[in-house]
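Data first, discussion second: the structure below is written as structure tokens.
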Amino acid sequence: MPSNPLPLYHKVYLLLKQRLAAGGFPQDAPMPGENALAAEYGVSRLTIRRSLEALESEGLVRRRQGRGTFAAPAPPSAGHESDIDALMAHLADMGMQTQVRLVELQTEPAPPAVAQRLELEPGSPVHRSVRVRSHDGLPFSYLTTYVPDDIGCRIGRQDLASRPLLAIFRDLGVQVARAEQAISAVLAEPHPAGLLGVPVGSALLSLRRLVRDESGRPVEWLHALYRPDRYEYRMDMRAHETPGEPNWLPAGADMSATT
């Protein structure tokens, strides 16, 4: 891992904490062992051990004698609704101005966190895709998408490698109605860091979006990671009269790649 003013064990602790919060480790199975985590993050076993001890002291993991280390239950996070027309316009514009590479596409049992978001039984089949978008040949986003099996089985590799998912939904007759979205900052894990061309532990913009159809059924769970030096989120604001005092409310959103 590259040099950083933070102690190495604390940097790994932050990465593991972030991964735990995102549901990256199932609660009903042990986490990878110290040797496996050390190899994944490119550090020593002692560094991993110190990181796990810090997580245990916060109640984020639990060590079970003879069984291994397990993720502790994580509190649910709140989301925000986003205007679906703005999302559609944004995705159409992105499709014209950017290039996409399909990295992974497979059917797998839904991890608990994904099953909860898509309102499925844990272990239900879902289709997971990983794509990287670039602008002028430079990668700026790493997109992990989950869709229910009855929809995913009708989506081909060529479509995912060439078209926005919401446009694919439209052609399949899936009537998208609304989305709940949250934006924050995260640290880059090894796999997305390599594909985005940034050091492990770099700061990335994180966007999580749950898309629902007209009946309210979840049809897509997206986790998008963006390089902040090549991507920005812009929002127009307008003053509105609200009870008590005037307030700023969004008039629309614009998300764009930058060079």
Exercise. Are Val211 and Arg178 side-chain neighbours, meaning at least one heavy-atom pair lies under 4.5 Å?
Worked result: no
Exercise. Can you tell me if Tyr13 and Glu58 form a side-chain donor-acceptor pair at under 3.5 Å?
Worked result: yes
Problem set entry | Full working for salt bridge (Lys or Arg N to Asp or Glu O under 4.0 Å) between Asp171 and Arg163 | CA-CA 11 Å; Asp171 292 347; Arg163 307 174 62 210; 2.5 Å; yes
Problem set entry | Heavy-atom pair with the smallest gap, counting every atom of Val61 and Met31 | CG1-SD, 3.9 Å
Exercise. CZ of Arg62: more than 12 outside heavy atoms within 6.0 angstrom?
Worked result: no
For this session: State yes or no: do Val176 and Leu160 share one hydrophobic cluster built from I, L, V, M, F, W and Y residues joined by side-chain heavy-atom distances below 4.5 Å, directly or via other members?
Result: yes
Exercise. How far does CG of Leu196 sit from CG of Leu138, to the nearest 0.5 angstrom?
Worked result: 11.5 Å
Exercise. Heavy atoms, side chains only, cut-off 4.5 Å: are Glu53 and Ser57 in contact?
Worked result: no
Problem set entry | In one Ile/Leu/Val/Met/Phe/Trp/Tyr side-chain cluster, 4.5 Å: Val219, Leu165 | yes
Exercise. Side-chain contact, heavy-atom cut-off 4.5 Å: Leu222 with Leu143?
Worked result: yes
Exercise. Please walk me through it: do Phe169 and Val147 pass side-chain contact (heavy atoms from CB on, under 4.5 Å)?
Worked result: CA-CA 11 Å; Phe169 281 168; Val147 297; 4.0 Å; yes
Problem set entry | Flag side-chain contact, heavy atom, 4.5 Å: His10 against Leu14 | yes
Exercise. Would a hydrophobic clustering, with Ile, Leu, Val, Met, Phe, Trp and Tyr connected at side-chain separations under 4.5 Å, put Val186 with Leu195?
Worked result: yes
Exercise. Atom CZ of Arg117 and atom CD of Glu180: how far apart are they, to the nearest 0.5 Å?
Worked result: 8.0 Å
Problem set entry | Flag side-chain contact, heavy atom, 4.5 Å: Gln99 against Arg133 | no
Exercise. Are the side chain of Lys11 and the backbone N or O of Val200 linked by a donor-acceptor pair below 3.5 Å?
Worked result: yes
Exercise. If you measure from CG on Leu118 to CD1 on Ile151, what distance do you get to the nearest 0.5 Å?
Worked result: 9.0 Å
Exercise. Are Ile183 and Leu205 side-chain neighbours, meaning at least one heavy-atom pair lies under 4.5 Å?
Worked result: yes
Problem set entry | Atom pair CH2/CD of Trp221 and Gln116 - distance to nearest 0.5 Å | 9.5 Å
For this session: Using the ring of Tyr9 (Phe, Tyr or Trp, six-membered ring only), decide whether Arg50 places NZ or CZ under 6.0 Å from its centre and within 45 degrees of its axis.
Result: yes
Problem set entry | Any donor-acceptor pair under 3.5 Å from Ser51 side chain to Thr47 backbone | yes
Problem set entry | Stepwise salt bridge (Lys or Arg N to Asp or Glu O under 4.0 Å) check, Glu220 with Arg209 | CA-CA 8 Å; Glu220 176 194 359; Arg209 180 187 301 149; 5.5 Å; no
Seminar exercise, completed: Heavy-atom closest pair (His223 atom, Arg208 atom, distance to 0.1 Å) is CE1-NH2, 3.4 Å
Seminar exercise, completed: What one should report as the nearest heavy-atom pair of Arg45 and Asn35 is CD-OD1, 3.3 Å
For this session: Say whether Val198 and Leu15 are linked into one hydrophobic cluster, either directly or through other cluster members, by side-chain heavy-atom distances under 4.5 angstrom.
Result: no
Exercise. Side chains of Glu189 and Tyr41: is there a donor and an acceptor less than 3.5 Å apart?
Worked result: yes
Exercise. So do Leu204 and Leu187 actually touch side chain to side chain, heavy atoms under 4.5 Å?
Worked result: no
For this session: Measure across Pro139 and Val132 and return the closest heavy-atom pair with its distance rounded to 0.1 Å.
Result: CB-CG1, 3.9 Å
Exercise. Do Val103 and Arg131 come within less than 4.5 Å of each other through their side chains, counting heavy atoms only?
Worked result: no
Problem set entry | Separation between CD of Gln106 and OG of Ser129, rounded to the nearest 0.5 Å | 10.0 Å
For this session: Could you list the residues that satisfy ring pair (Phe, Tyr, Trp, His ring centres under 6.0 Å) with Tyr142, not counting sequence neighbours?
Result: His191
Exercise. When clusters are formed by joining ILVMFWY residues with side-chain heavy atoms under 4.5 Å apart, either directly or through shared neighbours, do Val100 and Val130 land in the same one?
Worked result: no
Exercise. Hey, mind stepping through Glu119 and Arg212 against salt bridge (Lys or Arg N to Asp or Glu O under 4.0 Å) and telling me if it holds?
Worked result: CA-CA 11 Å; Glu119 298 176 6; Arg212 297 179 182 271; 3.1 Å; yes
For this session: Step by step, work out the side-chain contact (heavy atoms from CB on, under 4.5 Å) result for Leu52 and Glu34.
Result: CA-CA 9 Å; Leu52 291 174; Glu34 293 178 357; 4.1 Å; yes
For this session: Any chance you could lay out the side-chain contact (heavy atoms from CB on, under 4.5 Å) test for Gln181 and Leu210, step after step, and finish with the verdict?
Result: CA-CA 6 Å; Gln181 182 167 285; Leu210 179 67; over 6 Å; no
Seminar exercise, completed: In short, Pro30 meets Arg67 closest at the heavy-atom pair CB-O, 3.7 Å
Problem set entry | Worked verdict on Val174 versus Arg154 for side-chain contact (heavy atoms from CB on, under 4.5 Å) | CA-CA 11 Å; Val174 178; Arg154 296 186 285 157; 4.2 Å; yes
Exercise. How many angstroms lie between CZ in Phe25 and CG in Leu16, if you round to the nearest 0.5 Å?
Worked result: 5.5 Å
Exercise. Partners of Arg217 by salt bridge (charged side-chain N to carboxylate O under 4.0 Å, His left out), sequence neighbours excluded?
Worked result: Asp150
For this session: State, to 0.1 Å, how close Pro199 and Ala188 come at their nearest heavy-atom pair, and which atoms those are.
Result: O-CB, 4.0 Å
